[in-house]
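Because the structure is a prediction, the values reported are computed rather than measured.
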Amino acid sequence: MSHVYCPECGFQNPEASNYCSRCGALLARDTGAETMSFDVAEEGEEGDAALGGLGITGPALVVRSGGGMAGQPFRPGDGTTLIGRSPECDIFLDDVTVSRRHAEISREGDEFTIRDLGSLNGTYVNRKRIESAALEDDDEVQIGKYRLTFLRR
């Protein structure tokens with residue numbers, strides 16, 4: 001029996017698995033297609049050029065990995081932005097690792113705060129589980145299997 005290793009956590013999964021048994025990440029399959037990737041943590045002109053090529057400006061959460069949505073930006077609105085698995089959420093993350101009403105982002109002027117809404121898998125900012133945290137430029141947010149980067153640029 002051969003195995004597939006998770007690109008997120010390195011867990012060894014059976015070959016027939018589509019998702020990691022430990023972290024829920026999509027297990028990559030070699031389809032022969034080329035994929036463009038970028039690192040939103042890059043600094044300097046190259047990093048800004050990569051983000052500029054995607055048309056990402058202003059405050060946004062950008063998906064780094066999870067659910068085949070890499071590179072997709074979500075812009076928090078004024079007031080409160082709800083994140084979850086429910087289609088009624090402002091930021092819809094369709095996966096069982098995300099609670100229906102998982103977290104919310106509150107905006108007051110130029111300040112952004114993320115708050116967990118009692119989710120089963122928790123909300124993480126910079127790899128630390130939080131109940132509530134202020135968001136700064138380039139913070140990593142993890143919700144279920146999704147890893148996102150908060151940008152103020």
Side-chain angles (χ1 to χ4, degrees), residues 5-11 13 17-29 35-153:
Y5 292 91
C6 176
E8 297 291 323
C9 69
F11 186 74
N13 293 280
S17 299
N18 290 323
Y19 295 93
C20 177
S21 299
R22 178 183 287 162
C23 71
L26 180 65
L27 298 175
R29 303 282 184 217
T35 306
M36 184 179 111
S37 65
F38 66 97
D39 183 1
V40 295
E42 286 181 62
E43 299 199 15
E45 294 177 19
E46 290 181 18
D48 292 340
L51 291 171
L54 293 172
I56 300 170
T57 58
L61 275 173
V62 181
V63 178
R64 282 192 9 221
S65 65
M69 297 171 58
Q72 182 171 346
F74 294 102
R75 297 190 191 332
D78 292 333
T80 303
T81 302
L82 187 61
I83 304 169
R85 191 178 75 229
S86 171
E88 290 134 16
C89 289
D90 302 308
I91 298 177
F92 175 56
L93 300 175
D94 189 19
D95 188 75
V96 296
T97 62
V98 178
S99 297
R100 286 182 183 87
R101 291 177 42 91
H102 197 101
E104 67 180 8
I105 296 177
S106 300
R107 179 179 187 170
E108 292 182 22
D110 287 338
E111 299 298 317
F112 293 87
T113 305
I114 189 165
R115 182 171 66 96
D116 186 79
L117 298 175
S119 65
L120 180 64
N121 292 324
T123 301
Y124 296 80
V125 174
N126 297 325
R127 299 182 184 220
K128 293 181 182 173
R129 190 169 184 159
I130 56 101
E131 292 297 320
S132 179
L135 289 174
E136 301 296 330
D137 197 28
D138 291 328
D139 277 350
E140 178 186 85
V141 176
Q142 184 170 349
I143 296 174
K145 72 176 188 176
Y146 294 89
R147 290 191 183 196
L148 307 102
T149 298
F150 180 74
L151 301 173
R152 284 186 183 258
R153 302 178 189 140

*Asks:* Is any side-chain heavy atom of R127 closer than 4.5 Å to one of E140?
*Replies:* yes
*Asks:* To the nearest 0.5 Å, what is the distance between CG on L82 and CG on D90?
*Replies:* 6.0 Å
*Asks:* Can you tell me how far CG of N121 sits from CD1 of I143, rounded to the nearest 0.5 angstrom?
*Replies:* 11.0 Å
*Asks:* Answer whether the closest heavy-atom distance between the side chains of L93 and M69 falls below 4.5 Å.
*Replies:* yes
*Asks:* CD1/I130 to OG1/T123 distance, rounded to the nearest 0.5 angstrom?
*Replies:* 5.5 Å
*Asks:* Any side-chain heavy-atom pair from R152 and D110 closer than 4.5 angstrom?
*Replies:* yes
*Asks:* Just wondering, more than 12 heavy atoms not from R107 lying within 6.0 Å of its CZ?
*Replies:* yes
*Asks:* Take atom CZ in R129; do more than 12 heavy atoms of anything else shown fall under 6.0 Å from it?
*Replies:* yes
*Asks:* Would you call V141 and Y146 a side-chain contact if the rule is heavy atoms closer than 4.5 Å?
*Replies:* no
*Asks:* Indicate yes or no for a side-chain donor-acceptor contact from R85 to the backbone of V98 under 3.5 Å, with no hydrogens or angles considered.
*Replies:* yes
*Asks:* So, does T97 use its side chain to make a donor-acceptor pair with the main chain of K145 at under 3.5 Å?
*Replies:* yes
*Asks:* As an exercise, state the distance from CD of E111 to OG of S106, rounded to the nearest 0.5 Å.
*Replies:* 12.0 Å
*Asks:* Side chains of L151 and D138: closer than 4.5 Å at any heavy-atom pair?
*Replies:* yes
*Asks:* Check whether any side-chain heavy atom of L117 sits under 4.5 Å from a side-chain heavy atom of E104, and report yes or no.
*Replies:* yes
*Asks:* Is it the case that over 12 heavy atoms from other parts of the model lie below 6.0 angstrom from the CG atom of D137?
*Replies:* yes
*Asks:* What distance separates T81 OG1 from R75 CZ, expressed to the nearest 0.5 Å?
*Replies:* 12.5 Å
*Asks:* Which atom pair, heavy atoms only, marks the closest approach of G122 to D116?
*Replies:* C-OD1, 3.6 Å
*Asks:* Tell me, do C89 and I83 make a side-chain contact under 4.5 Å, heavy atoms counted?
*Replies:* no
*Asks:* Which atom names give the shortest non-hydrogen contact between F112 and P59, and what distance separates them?
*Replies:* CZ-CB, 3.5 Å
*Asks:* Rounded to the nearest 0.5 Å, what separates atom CG in D95 from atom CG in L26?
*Replies:* 9.5 Å
*Asks:* Do P7 and L27 touch side chain to side chain, with heavy atoms closer than 4.5 Å?
*Replies:* yes
